[in-house]
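For reference, the structure discussed in these notes is given below.
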2 protein chains.
Amino acid sequence: MGIIRKTQSVALLLDEFNTNSGAISVTTLNKRLNSNLNKSTIYRVLDKLEDDGVLHSFLGDNGIKWYAKCEGCSHDNHKDIHPHFQCVVCGKVDCLNVDIVVPKIPNREINSTEILIKGKCETCLN
Amino acid sequence: MGIIRKTQSVALLLDEFNTNSGAISVTTLNKRLNSNLNKSTIYRVLDKLEDDGVLHSFLGDNGIKWYAKCEGCSHDNHKDIHPHFQCVVCGKVDCLNVDIVVPKIPNREINSTEILIKGKCETCLN
DNA sequence: ATTATTAATGCAACTAAGTTGCAAATATAA
DNA sequence: TTATATTTGCAACTTAGTTGCATTAATAAT
């Protein structure tokens with residue numbers, strides 16, 4: 001079940017994603033908002049926003065959860081399956097607007113695919 | 001730095017990978033071996049075996065670390081970059097012998113790519 | 001506008017994965 | 001057989017994430 005009431009917590013969290021491009025890790029959100037929001041609240045609201053198709057989540061480098069805004073997703077159709085890119089220098093993560101073809105695999109049914117590409121981002125290249 | 005001495009711990013852990021096909025999660029190894037080995041030892045030995053190119057590691061569904069035997073890797077050349085498949089029913093994880101083409105991305109340097117495919121495995125399909 | 005209802009929040013306590021420092025044990029070299 | 005240095009176990013710790021419950025605050029009903 002997703003978001004039902006428009007609360008301060010929801011507004012604060014959504015604001016983070018509206019004022020920043022790219023993905024944000026849960027640990028970063030906790031550090032940024034811990035004076036305003038309890039960590040349980042942060043986890044619960046993010047979970048609901050994902051349910052609603054507003055955010056999508058994925059695992060970054062150390063198994064830490066990241067969230068980013070969805071484009072064209074809904075509750076039962078998370079359709080922007082795209083790779084994520086994590087910079088090994090600055091740690092920043094972005095969604096990549098790239099298609100990667102995952103071949104069919106004999107005798108297996110594919111539900112979803114998570115692709116994490118690691119390397120150096122634009123700003124850290126030089 | 002990798003393995004230097006041939007200890008009981010190393011033998012016990014390697015045995016797990018020799019008698020089982022597929023990948024094994026750290027949590028499973030801890031459950032299986034906790035009467036023989038301390039968890040610190042398990043983490044440390046796995047780490048060294050990865051350094052030596054005997055095992056490779058990756059993150060499964062919930063950010064839990066999995067290990068599997070390498071084929072043709074060495075300390076400074078982990079060359080079997082392949083996708084991993086995790087069954088959403090039984091939780092089993094296998095290495096897939098499949099090539100997935102990751103396109104070059106403008107203004108970024110790609111170091112590595114982790115691909116986790118989720119779905120139903122052979123045995124859980126029916 | 002006031003009250004009633006129920007979702008959302010804060011809090012504290014908890015679980016589980018993973019790490020670390022240090023003393024004791026055990027491979028290997030001398 | 002002894003010396004040395006790696007490896008191990010242990011206990012204590014860190015951090016991500018979860019849960020139950022009482023309180024707070026949106027929303028609906030009056």
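A note on names: the letters A, B, ... follow the listed sequences, proteins ahead of strands, and every chain is numbered from 1. Bear in mind that the values here come from a model prediction, so they are computed numbers and not experimental data.
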- line: To the nearest 0.5 Å, atom CD1 of Ile42(B) lies from atom CG of Leu33(B) at 5.0 Å

query: Distance-only, no hydrogens or angles: does the Gln86(A) side chain make a donor-acceptor pair with backbone N or O of Lys118(A) under 3.5 Å?
result: no

task: Measure the CG-CD distance between Leu116(A) and Glu114(B) for me, rounded to the nearest 0.5 Å.
output: 6.0 Å

message: Nearest 0.5 angstrom please: Leu55(B) CG to Phe17(B) CZ, how far?
response: 5.0 Å

- request: Would you name the heavy atoms of Lys65(B) and Ser57(B) that are closest together and state the gap between them?
  value: CE-OG, 3.5 Å

message: Nearest heavy atom decides the nucleotide; on that basis, is Lys31(B) or Leu37(A) closer to the 5' end of DNA chain C?
response: Leu37(A)

- request: Establish whether the base of dG10(C) is bridged to the side chain of Arg44(A) by a donor-acceptor pair shorter than 3.5 Å.
  value: yes

query: How close or far is atom P of dA16(D) from atom CG of Asn34(A), stated in whole angstroms?
result: 12 Å

field: Gap between atoms CG and P, on Asn30(A) and dG10(C) respectively (whole Å)
entry: 12 Å

query: Within the structure shown, what part of the strands sits under 4.0 Å from Lys48(B) by heavy-atom distance: base, sugar-phosphate, or nothing?
result: sugar-phosphate

- request: Round to a whole Å and report the spacing from CD of Gln8(A) to P of dT23(D).
  value: 23 Å

- request: Would you kindly give the CG-to-P distance between Leu46(B) and dT8(D), to the nearest whole Å?
  value: 11 Å

statement: Between Leu59(A) and Gly63(B), the two heavy atoms sitting closest are CD1-N, 3.2 Å

Output a table of nitrogen or oxygen pairs between the protein and nucleotides 11-15 of chain D separated by less than 3.5 Å.
| unit_1 | atom_1 | unit_2 | atom_2 | d |
| --- | --- | --- | --- | --- |
| dA11(D) | N6 | Ser40(B) | OG | 3.4 |

- prompt: With under 30° as parallel and over 60° as perpendicular, where do the rings of His56(B) and His82(B) fit, or are they tilted in between?
  reply: perpendicular

query: Salt bridge check: are Glu16(A) and Arg32(A) linked by an N-O gap of less than 4.0 Å?
result: yes

N/O contacts under 3.5 Å, protein versus nucleotides 28-30 of chain C?
| unit_1 | atom_1 | unit_2 | atom_2 | d |
| --- | --- | --- | --- | --- |
| dT28(C) | OP1 | Lys6(B) | N | 3.0 |

- prompt: With a non-hydrogen cut-off below 4.0 angstrom, is Asn36(A) in contact with a base, only sugar-phosphate, or nothing?
  reply: sugar-phosphate

statement: To the nearest angstrom, the CG-P distance between Leu13(B) and dT7(D) comes to 14 Å

field: Separation of dT7(D) C1' from Ile42(B) CD1 (nearest whole Å)
entry: 14 Å

message: Rounding to an integer number of Å, can you tell me how far Asp47(B) CG sits from dT19(C) C1'?
response: 11 Å

task: Mind listing the closest non-hydrogen atom pair of Ile105(A) and Ile117(B) along with its distance?
output: CD1-CD1, 4.0 Å

query: Expressed in angstrom and rounded to an integer, what is the separation of Leu33(B) atom CG from dT8(D) atom C1'?
result: 14 Å

